[in-house]
Amino acid sequence: MVKEYGPVMALNGVDFEACPGQVTAIVGDNGAGKSTLIKIIAGSVRADSGDFELGGVPVKLGTPHAAAALGIATVYQDLALCENLDVVSNLFLGRESLAKPLIGPLRRLKEPEMYRAAAETLESLSVTLPSLRTPVAGLSGGQRQAVAVSRAVLWGSRLILMDEPTAALAVGPTAQVLALIRRLAERGLAVVVVSHSLPEVFSVAERIYVLRLGSNAGVFERSTTKPQDVVAAITGGNALMEGMIG
């Protein structure tokens, strides 16, 4: 796919594939094109050219609504959660289950049904929270990430895009989020993770795409690749960046 911003070539003929039941990582320096690629798949940015397939079927992207209708969900760094609402309300935000009208346009929420569906989804992902009635403001960073991911699963997503899912998390919550990512793949979902942390990438991803200056710089299978090989692709063969693999 190709994307230009005036004289800047953000993506220059980038090829990318994410498979069901597999975690695929996208890595690269700042300005490599990672965010642009994710935004195009998420439908928030239109590619200038390129073909897209989902499950082997040609599809058109271009709006977040179109991407969501295809089963593509994106979990950004800000998570897009309402801190004053509880877990159930956040999981169903904008998609509340409503009963028949009481009087005129007045309708009530199907609270028991929503609570049950939320509990079943969280349990299926082995996510443990203090209470589903806890406001998101009272959850840890790792728990908030779990809520955002669970929302995508609840609504039947086939492809989940995660932008720096462990950014600013401590060691404990990071381990929980990485375990959650693995469980998503075990459920048969295609998971794409953008990350600057190669240790984390190598702990969860089966395939690693490297972008450099808007172009493909390499595709690596984790089982046959060393971190220094990925670093060399990121830097264009420059000296090993100890901070990225240590």
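Since the model is a prediction, treat every value here as computed from it, not as a measurement.
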- Query: Is the side chain of N12 donor-acceptor paired with the backbone N or O of G214 at a distance under 3.5 Å, no angle test?
  - Reply: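 Between the backbone of G214 and the side chain of N12 there is no qualifying donor-acceptor contact (under 3.5 Å).
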- Can any side-chain N or O of Q145 pair as donor or acceptor with the backbone N or O of P165 at less than 3.5 Å?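 Yes, because the side chain of Q145 sits within donor-acceptor range (under 3.5 Å) of the backbone of P165.
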- Item | Contact list for residues 162-179, test side chain to side chain donor-acceptor pair (under 3.5 Å), sequence neighbours left out |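 Checked against side chain to side chain donor-acceptor pair (under 3.5 Å) - neighbours excluded - the pairs reaching residues 162-179 are E164-H196, T166-E200.
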How long is the span from the [atom1] atom in [X] to the [atom2] atom in [Y], to the nearest 0.5 Å?
| X | Y | atom1 | atom2 | answer |
| --- | --- | --- | --- | --- |
| K34 | L11 | NZ | CG | 11.0 Å |
| I160 | R151 | CD1 | CZ | 11.5 Å |
| L161 | L159 | CG | CG | 4.5 Å |

Contact summary for [X] and [Y], nearest pair of heavy atoms:
| X | Y | result |
| --- | --- | --- |
| R222 | A205 | CD-O, 3.0 Å |
| A32 | L211 | CB-O, 3.3 Å |
| V149 | M162 | CG2-CE, 3.5 Å |
| S197 | S195 | N-OG, 3.0 Å |
| V87 | S131 | CG2-O, 3.9 Å |
| L122 | S150 | CD2-OG, 3.2 Å |

- Item | Derivation of the side chain to side chain contact (heavy atoms under 4.5 Å, CB included) call for V219 and R207 | CA-CA 7 Å; V219 183; R207 181 177 296 176; 3.8 Å; yes
Sequence neighbours excluded - ring pair (Phe, Tyr, Trp, His ring centres under 6.0 Å) pairs with any residue from [range]:
| range | value |
| --- | --- |
| residues 16-39 | F16-Y209 |
| residues 137-171 | F92-W155 |
| residues 110-142 | none |

Using a 3.5 Å cut-off and no angle test, enumerate the donor-acceptor pairs between side-chain atoms of residues 178-194 and protein atoms at least two apart in sequence or in another chain.
from	atom 1	to	atom 2	distance (Å)
R182	NE	S203	O	3.3
R182	NH2	S203	O	3.4
R183	NE	L125	O	2.5
R183	NH2	L125	O	3.0
R187	NH1	S124	OG	2.8

- Message: Tell me which pairs pass salt bridge (charged side-chain N to carboxylate O under 4.0 Å, His left out) where either residue lies in residues 56-73, with sequence neighbours left out.
- Response: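 Checked against salt bridge (charged side-chain N to carboxylate O under 4.0 Å, His left out) - neighbours excluded - no pair reaches residues 56-73.
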- Task: Could you list all the salt bridge (charged side-chain N to carboxylate O under 4.0 Å, His left out) pairs where at least one residue sits in residues 119-136, not counting sequence neighbours?
- Result: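 Sorted pair list: D86-R133, E111-R133.
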- Task: Hydrophobic side-chain clustering at under 4.5 Å (ILVMFWY, transitive links): who's grouped with L213? Put none if nobody.
- Result: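 Its cluster mates, by chain and number: none.
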- Apart from V2 itself, residues in the same hydrophobic cluster as defined by side-chain heavy atoms under 4.5 Å: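 Result for V2 is M9.
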Which side-chain N or O atoms in residues 35-55 pair as donor and acceptor under 3.5 Å with protein atoms at least two apart or in another chain?
from	atom 1	to	atom 2	distance (Å)
S44	OG	K39	O	3.3
D48	OD2	E4	N	2.6

- Just jot down the ring-ring contact (aromatic ring centres under 6.0 Å, His included) partners of F220, sequence neighbours excluded, or say none.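 Testing F220 for ring-ring contact (aromatic ring centres under 6.0 Å, His included), a comparison that skips the adjacent residues, returns none.
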Only pairs under 3.5 Å count here: list side-chain donor-acceptor contacts from residues 65-83, not counting sequence neighbours, and write none if there are none.
from	atom 1	to	atom 2	distance (Å)
D78	OD1	A80	N	3.4
E83	OE2	R144	NH1	2.7

